[in-house]
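Throughout, protein chains are lettered first and strands after them, A, B, ... in sequence-line order, and every chain is numbered starting at 1. Bear in mind that the values here come from a model prediction, so they are computed numbers and not experimental data. Because only heavy atoms are used, hydrogens play no part in the values below, and waters and symmetry mates are left out as well, while side chains stay in.
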There are 2 protein chains.
Amino acid sequence: MKLTTKGRYAVMALADLARFNNINPVSLRDISLRQGISLDYLEQIFSKLRKKEIVQSIRGTQGGYILNKKAKEIKLINIFEAVDEKIKTVQCKKESKKGCNGKPTKCLTHDLWDELENHITYFFEQKSLEDLIKDNLTRRV
Amino acid sequence: MKLTTKGRYAVMALADLARFNNINPVSLRDISLRQGISLDYLEQIFSKLRKKEIVQSIRGTQGGYILNKKAKEIKLINIFEAVDEKIKTVQCKKESKKGCNGKPTKCLTHDLWDELENHITYFFEQKSLEDLIKDNLTRRV
DNA sequence: ATAAACCCGAGTAAAATAGTCAAGTATCAT
DNA sequence: ATGATACTTGACTATTTTACTCGGGTTTAT
Ligand code: FES
Ligand code: FES
């Protein structure tokens with residue numbers, strides 16, 4: 001059970017963006033340098049973030065990205081959804097009435113994993129980008 | 001972020017074992033058939049569970065495994081630890097004072113992931129095998 | 001015109017996962 | 001005693017997923 005770099009980097013990059021999100025757009029190159037994430041990889045991630053309207057892009061020289069909403073309104077769950085960082089605990093298809101090994105009923109542990117998924121999702125629903133930068137106000141990164 | 005089969009199957013198999021854990025040991029073959037998990041794979045998993053003293057083995061005909069403690073005392077966290085299902089959210093080494101990309105300070109999101117890890121771990125610390133079988137008393141599996 | 005930036009899709013090496021397989025040893029029922 | 005059942009161990013491997021890279025484009029400020 002571990003976090004993949006897609007989710008991690010997306011949040012990292014957006015935290016960086018939120019910090020420097022004044023009037024001027026922030027370029028991926030800057031984020032790449034500050035956070036130590038490959039530029040090419042960042043482009044992939046931001047392409048998804050833009051499609052889900054979490055950021056806006058500004059092309060051309062002096063271009064970059066800006067947040068599309070207030071940091072307070074961007075919850076981690078939105079970011080994770082945007083970059084396809086799934087939280088997958090059950091093995092079966094949730095909609096299906098069948099169990100995980102093709103059995104007609106749900107397995108012994110299905111409800112447990114479902115509960116776990118809710119537990120984790122709750123965390124991501126609560127936390128916003130703003131929480132993140134507030135917590136780090138005193139730090140230099 | 002997803003659960004691997006090792007953790008999932010370990011809990012599934014132990015839930016099955018806890019249910020049928022009367023006087024007689026339960027053979028992996030039975031668990032394999034009931035839960036649809038490969039016997040060879042179960043053997044790997046139970047080898048670890050035995051080494052961590054979560055189950056006891058009884059060899060020979062009519063042999064099998066029994067729980068080594070009361071179902072109430074076996075928390076999911078113990079099971080996960082036994083089979084090396086890790087909960088890994090931070091990228092850096094936790095003990096190290098360095099950040100994840102080799103930087104001298106912890107990254108912007110380190111505390112967040114740490115909090116997430118605690119949040120998930122808490123869930124596994126609370127839940128016991130007993131909770132699992134209680135919840136399923138009414139079910140037929 | 002040039003350079004800085006975003007945009008897009010395909011491709012790929014490495015790591016992790018999810019097992020399988022082979023060759024045992026112990027114990028019980030008969 | 002003997003066979004069958006079941007645990008024990010370690011190595012090996014196919015598949016999938018991850019974590020990128022690469023090559024080409026387009027837009028825009030200066
Ligand atoms: S996880 Fe849903 S039925 Fe097993
Ligand atoms: S996750 Fe610990 S420093 Fe980045």
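Atom NZ of A/Lys86 is separated from atom P of D/dT17 by 11 Å (rounded to the nearest Å). Atom NZ of A/Lys88 and atom P of D/dT16 are 14 Å apart (whole Å). Protein atom CG of B/Leu42 is 14 Å distant from nucleotide atom C1' of D/dT8, rounded to whole Å.
Heavy-atom nearest nucleotides on DNA chain D were determined for A/Arg8 and for A/Asp40, and the one closer to the 5' end corresponds to A/Arg8. Position along DNA chain C of the nearest nucleotide to B/Glu43 versus A/Asp30 favours A/Asp30 as the more 5'-ward residue. Each of A/Val26 and B/Ser38 has a nearest nucleotide on DNA chain C; the 5'-most of these lies closest to A/Val26. Mapping B/Arg29 and A/Thr4 onto DNA chain D via the closest heavy atom, the residue that lands nearer the 5' end is B/Arg29.
Side-chain contact between B/Glu85 and B/Leu3 is present, with at least one heavy-atom pair separated by less than 4.5 Å. Taking 4.5 Å as the limit, every side-chain heavy atom of A/Phe20 sits out of range of all side-chain heavy atoms of A/Asp30. Residues A/Ile79 and A/Leu129 meet the side-chain proximity criterion, which asks for heavy atoms closer than 4.5 Å.
Between the side chain of A/Arg59 and the base of D/dT26, at least one donor-acceptor pair of N or O atoms lies under 3.5 Å.
Within 4.0 Å of A/Lys2, counting heavy atoms only, lie sugar-phosphate atoms of the nucleic acid but no base atom. Nucleic acid contact class of A/Ser47 (heavy atoms, under 4.0 Å, all strands): none. Contacts of A/Phe46 with the nucleic acid, taken as non-hydrogen atoms under 4.0 Å apart, are absent.
Taking side-chain N and O atoms only, A/Tyr9 has no distance below 4.0 Å to OP1 or OP2 of D/dT18. For D/dA19, the OP1/OP2 oxygens have a side-chain nitrogen or oxygen of A/Thr5 closer than 4.0 Å.
Atom CD of B/Glu53 is surrounded by 12 or fewer heavy atoms from other residues, nucleotides or ligands within 6.0 Å. Residue B/Gln126 qualifies as enclosed at atom CD: its count of foreign heavy atoms under 6.0 Å is above 12.
Extent of DNA chain C lying under 4.0 Å from chain B heavy atoms, first and last nucleotide in 5' to 3' order, is C/dT17 to C/dC28.
Taking the six-membered ring where the residue is Trp, A/Tyr9 and A/Tyr41 present perpendicular rings, their angle passing 60° and hence far from 30°.
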Problem set entry | Pair A/Cys107-A/Gln91, side-chain contact (heavy atoms from CB on, under 4.5 Å): steps then yes or no | CA-CA 10 Å; A/Cys107 76; A/Gln91 188 161 45; over 6 Å; no

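Listed candidates were D/dT8, D/dA11, D/dT21. Nearest to the side chain of B/Gln44 is D/dA11.
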